[in-house]
Engineer: 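Could you have a look at this structure, given as structure tokens, before my questions?
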Amino acid sequence: MTQLVLVPFYLSYWSAEIYGVWIGITSLLTLLQILDMGHHNFLEYEFYKLAGTDKVQFAQFLSSGLLISILLGLLQLLLIYVLIEANFISDIFKDVDRGLIEDAGSVLLIQGITWCVTGSPGGLLVRALYSFGYLPRMGWWGIAFTILTSVAPLLAVIQGAGLLEAGAALAGATLFYYLMMFWDIKKQLRKIALPFVRPSTGIGWINLYKSSVLSYKAVMELLRQQGVRLILAPMVGSKALVDFATMRTGANTMLQGLGTITNPMMPELMKFLLARDQKKVALTFSVVWLMLMLVLAPGALLLQAYVAPLFTIWTIGKIAFDPTVFGLLSMTVLVYAYAQPSISIVVGNNLLKPQFVITTSSSVLLIILLLLFVPPVGIKGASAALLMVEIFVAIFYNHYAQIWLEGNSVKWPRSLAKMASFSVFITAVAFFIMHVAPGFKLMILFASLVILLMNAIRYLKVAPIEMGAIIKNRGRKYFELLRGR
């Protein structure tokens, strides 16, 4: 919601040039936080294994991880300084004046300091609480963070702030948020009653070394998600970058919606996998794929058919809607959604070698495709490259997930997977026909929605019995709520 709301405000008070630099800077900041993210993600799945079995080792991993997180925050700050001195920002934004480049460097430095003292240790503490059932509570804190860090710079912009002032407002909001969250985390850690264990630099460095593959993987994945903006900026200019990023907002919104289903399910899925519980693993997969079939695929089709006039209003007429780019980016989300169960298996079990192989090969493929497609067709080529790489990644995650399941006496739900992939295929075909025969758009939309619905009904008939019970129970509660009971 914040992504959707913010764009027209920024474009009302800032030029597309300034907004393009803001987008680029935030993308670069995300990339620089990757070392932390890989380290935190590795420890998160270790925490899941230790929470119910060994609190002493859990505390040892946590205290050692906090020490390493602080050091990583300092390293990130050093990297920012090096990038500024090496004129990296001006190399990215070649069509931007010097004053704006200097402001961008200052924003980077301010955010680096803020992350070092708050986000780096805070992210690890949040993941530690996940394994003790605090994921919903931390999720609400995450909502507060999104709102606060979105509203603060926006209010500054409305008051006439430039890039530097908006960055300062963002830093102030971030510091305030983490002070409040640390106070709450301290209370929850007391309830858990973790023993005090001194940090061990040896254990910390070992875990950091093990997590290096995940950090590398996270860098490459963010290259596909947000980092591609940094590659596009010098190739197509800041204006085209804004066009691409803005049209990708719809796809990002669908991605966030998917995350509301998959992220809370990860702790439970890990328990089912460790217990080799075939029925519950299949049920977990079924829920994710049902989200794809009943919500994401039909939603993508409806957006493709009707979003153009709304897009023009949303961007205040400053950005032209490109149905090809929008459709290709929407398809990347659907392919990613289909691969989510497989990704959860590989990531949740810390299967590092498959992640390294997939990440390396997909990153090389992406760079090659961008160099081939972007010069002749611009951001259309970038969108096509992203979709092709996402398909490549999905195929290999499915391959490695099936190998792991078979090696651990759990069956891959082949029939459910085929029906989920069929929904993705039907949506892709509908997008293509809408593009080549726009006069038949409504007919194509109606026919494809009917096919998707029939496929979903067929899916429900072969899905685990518990799936039907869950849907009926949720539906009954929903209608009782509507009737005021």
Side-chain angles (χ1 to χ4, degrees), residues 250-266 268-269 272 279-307 326-345 387 390-391 393-395 397-398 401-402 405 411-434 442-476 478:
N252 287 341
T253 303
M254 288 194 290
L255 196 62
Q256 294 296 328
L258 176 67
T260 64
I261 298 295
T262 57
N263 293 343
M265 290 174 63
M266 181 58 81
E268 295 302 319
L269 177 60
F272 302 152
K279 289 184 178 180
K280 291 185 177 179
V281 168
L283 177 61
T284 306
F285 286 11
S286 300
V287 172
V288 177
W289 284 331
L290 187 64
M291 171 81 171
L292 163 66
M293 298 168 74
L294 286 181
V295 180
L296 293 181
L301 283 170
L302 289 168
L303 281 174
Q304 186 71 18
Y306 295 108
V307 78
F326 190 85
L328 289 169
L329 293 176
S330 296
M331 283 305 305
T332 62
V333 175
L334 298 185
V335 173
Y336 178 78
Y338 169 74
Q340 266 301 292
S342 301
I343 294 172
S344 298
I345 290 171
L387 176 57
E390 205 64 59
I391 294 171
V393 168
I395 290 171
Y397 267 116
N398 277 5
Q402 290 181 50
L405 288 176
K411 294 181 180 179
W412 175 259
R414 295 185 185 278
S415 60
L416 297 177
K418 287 180 180 178
M419 284 183 274
S421 63
F422 180 70
S423 288
V424 177
F425 173 75
I426 289 299
T427 307
V429 171
F431 278 166
F432 176 75
I433 299 175
M434 283 182 186
L442 293 181
M443 186 186 301
I444 297 162
L445 175 64
F446 177 77
S448 56
L449 289 176
V450 169
I451 295 173
L452 288 175
L453 179 60
M454 292 173 63
N455 189 47
I457 293 171
R458 180 167 162 260
Y459 177 88
L460 288 172
K461 289 181 179 179
V462 299
I465 297 174
E466 295 87 349
M467 169 76 77
I470 290 173
I471 294 172
K472 289 178 181 178
N473 184 46
R474 296 297 182 189
R476 179 179 56 80
Y478 176 72

Engineer: Measure the CG-CG distance between Leu416 and Leu460 for me, rounded to the nearest 0.5 Å.
Structural biologist: 10.0 Å
Engineer: According to side chain to side chain contact (heavy atoms under 4.5 Å, CB included), who are the partners of Ile391, at least two apart in sequence or on a separate chain?
Structural biologist: Val335, Leu387, Ile395
Engineer: Decide side chain to side chain contact (heavy atoms under 4.5 Å, CB included) for Met434 and Leu445; before the verdict, give the C-alpha distance in whole Å, the side-chain angles of both, and the deciding distance to 0.1 Å.
Structural biologist: CA-CA 8 Å; Met434 283 182 186; Leu445 175 64; 3.9 Å; yes
Engineer: Determine all donor-acceptor pairs shorter than 3.5 Å in which one atom belongs to a side chain in residues 293-306; sequence neighbours excluded.
Structural biologist:
unit_1 : atom_1 : unit_2 : atom_2 : d
Gln304 : OE1    : Gly327 : N      : 3.4
Gln304 : NE2    : Pro323 : O      : 2.9

Engineer: Enumerate the residue pairs fulfilling salt bridge (Lys or Arg N to Asp or Glu O under 4.0 Å) with a member in residues 414-429, sequence neighbours excluded, ordered by first and then second residue.
Structural biologist: Glu406-Arg414
Engineer: Classify the ring geometry of Tyr338 against Trp289: parallel below 30°, tilted from 30° to 60°, perpendicular beyond 60°.
Structural biologist: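 Parallel, since the angle between the ring planes stays under 30°.
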Engineer: Mind checking whether Leu334 and Met331 have side chains closer than 4.5 Å, heavy atoms only?
Structural biologist: yes
Engineer: Please round to the nearest 0.5 Å and tell me the distance separating atom OH of Tyr397 and atom CD1 of Ile345.
Structural biologist: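 Answer rounded to 0.5 Å: 12.0 Å.
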Engineer: Under 3.5 Å, side-chain donor or acceptor atoms of residues 422-429 against the rest of the protein: list the pairs with distances, not counting sequence neighbours.
Structural biologist:
unit_1 : atom_1 : unit_2 : atom_2 : d
Ser423 : OG     : Asn455 : ND2    : 2.9
Thr427 : OG1    : Ser423 : O      : 2.8

Engineer: Show the nearest heavy-atom pair for residues Ala339 and Ala394, with the distance to one decimal.
Structural biologist: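 Closest heavy-atom pair between Ala339 and Ala394: CB-CB, 3.7 Å.
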Engineer: Of the non-hydrogen atoms in Glu390 and Tyr336, which two are nearest, and what is the gap between them?
Structural biologist: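 Shortest heavy-atom separation between Glu390 and Tyr336 comes out as OE2-CD1, 3.6 Å.
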Engineer: To the nearest 0.5 Å, tell me how far Leu452 CG sits from Ile457 CD1.
Structural biologist: 11.0 Å
